[in-house]
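I have placed the structure first, in the form of structure tokens, so that the comments after it can refer back to it.
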Amino acid sequence: MLLQIPLPAFYFAEDADGLLRVVDGLQRLSTIHDFVRGGEKSRFALRGLEYLAHVEGKVFDELPAPWKRRINNAQIMAYVIDPTTPQRSCMTSSGGSTLSACR
């Protein structure tokens with residue numbers, strides 16, 4: 001996001017009640033959330049940066065305003081799988097594990 005490279009799309013499955021469940025992208029969403037809005041236990045500093053050494057070790061609140069804007073204004077592509085899509089339950093990933101084959 002800081003390098004302005006597009007993120008892969010996120011996929012959500014909608015149930016009959018309109019609730020959304022992450023199908024693909026949970027780790028990316030969790031990481032972005034923890035960096036930007038995480039509390040004392042989940043917040044983290046940037047480490048091991050190859051191209052942005054000047055922000056190494058900084059948490060979100062310590063970034064210069066233009067860098068915060070890059071993250072806050074990043075475009076995210078998200079797709080919602082309709083609840084009437086057949087066999088959509090076979091596409092659900094459980095915490096980043098390999099997707100099971102449809103039966």
Closest non-hydrogen atom pair, Glu56 against Leu49: OE1-N, 3.1 Å
CD1 on Ile32 to CD1 on Ile71, rounded to 0.5 Å: 8.5 Å
Non-hydrogen side-chain atoms of Phe10 and Val22 separated by less than 4.5 Å: no
Asp82 side chain to Thr84 backbone, donor-acceptor under 3.5 Å: yes
Cluster check Met77, Ile81: I/L/V/M/F/W/Y, side chain < 4.5 angstrom: yes
From CG (Leu29) to CG (Asp34), nearest 0.5 Å: 10.5 Å
Linked, directly or transitively: Ile5 and Tyr51 (ILVMFWY side chains, under 4.5 Å): yes
CD on Glu62 to CG on Leu46, rounded to 0.5 Å: 9.5 Å
Reported CD1-to-CG distance for the pair Ile76 and Asn73, which is rounded to 0.5 angstrom: 11.0 Å
Minimum heavy-atom distance between Pro83 and Ala16, given as atom pair plus value: CB-N, 4.1 Å
Mutual orientation of the aromatic rings belonging to Phe60 and Phe35 [parallel < 30°, tilted 30-60°, perpendicular > 60°]: perpendicular
Side-chain heavy atoms of Arg70 within contact of Met1, under 4.5 Å: no
Shortest non-hydrogen contact from Gly57 toward Ala45: O-CB, 3.4 Å
Distance, nearest 0.5 Å, that separates CZ of Phe44 from NZ of Lys58: 15.5 Å
Atom of Leu63, atom of Lys68 and distance for their closest heavy-atom approach: O-CE, 3.1 Å
Arg28 side chain reached by Leu26 side chain, heavy atoms, under 4.5 Å: no
Atom OH of Tyr79 with >12 non-hydrogen neighbours under 6.0 angstrom: no
